[in-house]
Amino acid sequence: MSEGRLVIGTKRYSSWSLRGWLPVRLAGLNVSEEVIPLRQPDSSARIAQVSPNGKVPFLEHHNVKIWDSLAIAEYCAELEPKLWPENQDARAMARSISAEMHSGFQGVRSAMPMNLGRIQRQLKEPLSDTITKDIVRIDSIWTEARRNFGGSGGYLFGHHFTNADIAFAPIVARFLSYDVNVSDVSRAYIESVRKHPLMERWYEEADREPEEWLVDAFETIE
Ligand SMILES: N[C@@H](CCC(=O)N[C@@H](CS)C(=O)NCC(=O)O)C(=O)O
């Protein structure tokens with residue numbers, strides 16, 4: 001029997017939903033999934049009916065309500081401790097970079113919206129200092145984590161796909177769409193994340209979403 005529900009937005013576009021869906025799936029929560037297509041006339045009203053902050057992702061598990069992707073990630077890690085690295089130093093860095101992602105990188109976020117169906121995208125404007133600074137910082141975070149803690153695994157902290165990888169998963173999708181130039185270490189990391197079975201599944205499910213859910217503005221603007 002279902003233990004609750006996870007409410008998310010259109011998989012093709014919703015980067016925050018991806019950050020909520022991945023920990024729920026990795027923790028093996030038996031919850032049903034409800035997708036509310038974003039940017040439709042009734043989207044905000046439908047989301048407001050279920051989610052206290054009027055945003056997705058929203059998780060209800062055994063009648064406990066959790067909103068905001070970072071809170072969902074933490075809740076899932078209480079049930080599946082492998083979602084954070086075991087080593088304390090690694091865990092401290094994993095939490096720091098996840099928080100940094102959650103509250104920052106506005107340049108990359110607004111200049112490179114996530115759209116899983118589009119590749120070889122061009123930026124609307126030349127790379128600004130803010131965007132360049134974000135890209136350099138992300139590249140250095142990935143490189144440092146991989147060098148210090150990655151070992152022989154493919155992810156930031158080794159063999160387990162942790163909440164830190166989840167925080168950056170939509171950035172991986174954006175960097176792939178816009179073919180962003182990063183170091184060799186980061187490029188290999190991008191490949192590993194993209195090939196994770198749950199990322200494959202999310203991309204495939206995004207690809208199967210109804211055509212009516214496509215938002216013109218997201219499909220035509222470069
Ligand atoms: N900080 C929030 C951000 C959530 C968020 O902005 N979600 C967007 C979708 S990607 C949303 O619900 N938009 C619907 C709306 O604002 O009406 C989180 O981490 O969950």
Side-chain angles (χ1 to χ4, degrees), residues 4-27 29 31-61 64-79 83-84 94-118 121 134 138 141 161-178 193 198-199 202-203 205-207 209-210 212-219 221:
R5 62 179 168 167
L6 174 69
V7 185
I8 55 177
T10 317
K11 287 184 170 157
R12 187 178 177 93
Y13 308 129
S14 186
S15 54
W16 295 113
S17 295
L18 174 58
R19 292 189 180 98
W21 182 87
L22 285 167
V24 164
R25 293 294 163 230
L26 284 163
L29 270 54
V31 290
S32 64
E33 193 175 304
E34 292 171 28
V35 181
I36 299 181
L38 298 177
R39 297 288 195 108
Q40 305 295 320
D42 61 348
S43 304
S44 300
R46 285 183 66 191
I47 297 172
Q49 269 172 11
V50 290
S51 174
N53 68 342
K55 304 265 182 215
V56 285
F58 166 72
L59 172 66
E60 198 167 348
H61 187 235
V64 177
K65 294 179 198 301
I66 310 112
W67 58 98
D68 196 289
S69 60
L70 194 52
I72 294 173
E74 288 289 4
Y75 179 85
C76 291
E78 288 179 17
L79 302 169
L83 279 167
W84 289 119
R95 282 208 159 99
S96 301
I97 61 176
S98 302
E100 187 176 346
M101 178 69 249
H102 201 69
S103 58
F105 300 113
Q106 208 49 54
V108 160
R109 274 198 216 153
S110 51
M112 300 179 190
M114 188 172 102
N115 183 335
L116 302 184
R118 297 184 68 192
R121 301 178 73 180
D134 280 359
I138 291 166
I141 287 173
F161 195 80
T162 68
N163 276 332
D165 299 296
I166 290 170
F168 286 95
I171 297 291
V172 163
R174 289 167 153 115
F175 280 15
L176 282 168
S177 279
Y178 287 91
V193 171
L198 285 174
M199 288 295 281
W202 179 274
Y203 267 79
E205 289 174 2
D207 199 41
E209 285 175 333
E212 309 85 80
W213 293 5
L214 293 180
V215 177
D216 277 352
F218 296 160
E219 298 303 323
I221 298 169

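One-based numbering, in listed order, for ligands and for the atoms of each.
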With a 4.0 Å cut-off on heavy atoms, is G9 touching ligand 1? no
Distance to 0.1 Å, residue and atom name: give those for the protein heavy atom nearest to atom 8 (C) of ligand 1. V56 O, 3.8 Å
With a 4.0 Å cut-off, would you call R5 and E60 a salt bridge? yes
Among non-hydrogen protein atoms, atom 1 (N) of ligand 1 lies closest to D68 OD2, 3.1 Å
Just to confirm my output: which protein heavy-atom neighbour is closest to atom 19 (O) of ligand 1, and how far is it? S69 OG, 2.7 Å
Residue and atom name of the nearest protein heavy atom (relative to atom 14 (C) of ligand 1), distance in Å to one decimal: I47 CD1, 3.8 Å
Above 12 or not: heavy atoms from other molecules or residues under 6.0 Å from CZ of R109? yes
Suppose we measure from atom 16 (O) of ligand 1 to each protein heavy atom; which comes out shortest, and what is that distance? K55 NZ, 3.0 Å
Could you grab the distance from atom OG of S15 to atom CD1 of I171, nearest 0.5 Å is fine? 8.0 Å
So between P57, G54, P170, whose heavy atom ends up nearest atom 15 (C) of ligand 1? G54
Non-hydrogen side-chain atoms of H61 and Y75 separated by less than 4.5 Å: yes
Examine ligand 1 and decide if any of its atoms is less than 4.0 Å from a heavy atom belonging to H102. yes
Within 45° cone of W84 ring axis and under 6.0 Å: R95 NZ or CZ: yes
Measure the distance from atom 10 (S) of ligand 1 to every protein heavy atom, then report the residue, atom name and distance (to 0.1 Å) of the closest one. S14 OG, 3.1 Å
Does at least one non-hydrogen atom of S43 fall below 4.0 angstrom from an atom of ligand 1? no
Could you check E34 against R46 for salt bridge (charged side-chain N to carboxylate O under 4.0 Å, His left out), going step by step and ending with a plain yes or no? CA-CA 11 Å; E34 292 171 28; R46 285 183 66 191; over 6 Å; no
Check each of W202, W16, F58 against W21 using the ring-ring contact (aromatic ring centres under 6.0 Å, His included) test, and report the only one that passes. W202
Hey, which of V56, I8, V7 is the one that makes side-chain contact (heavy atoms from CB on, under 4.5 Å) with V35? I8
Who's the nearest protein heavy-atom neighbour of atom 17 (O) of ligand 1, and how far? S44 OG, 3.3 Å
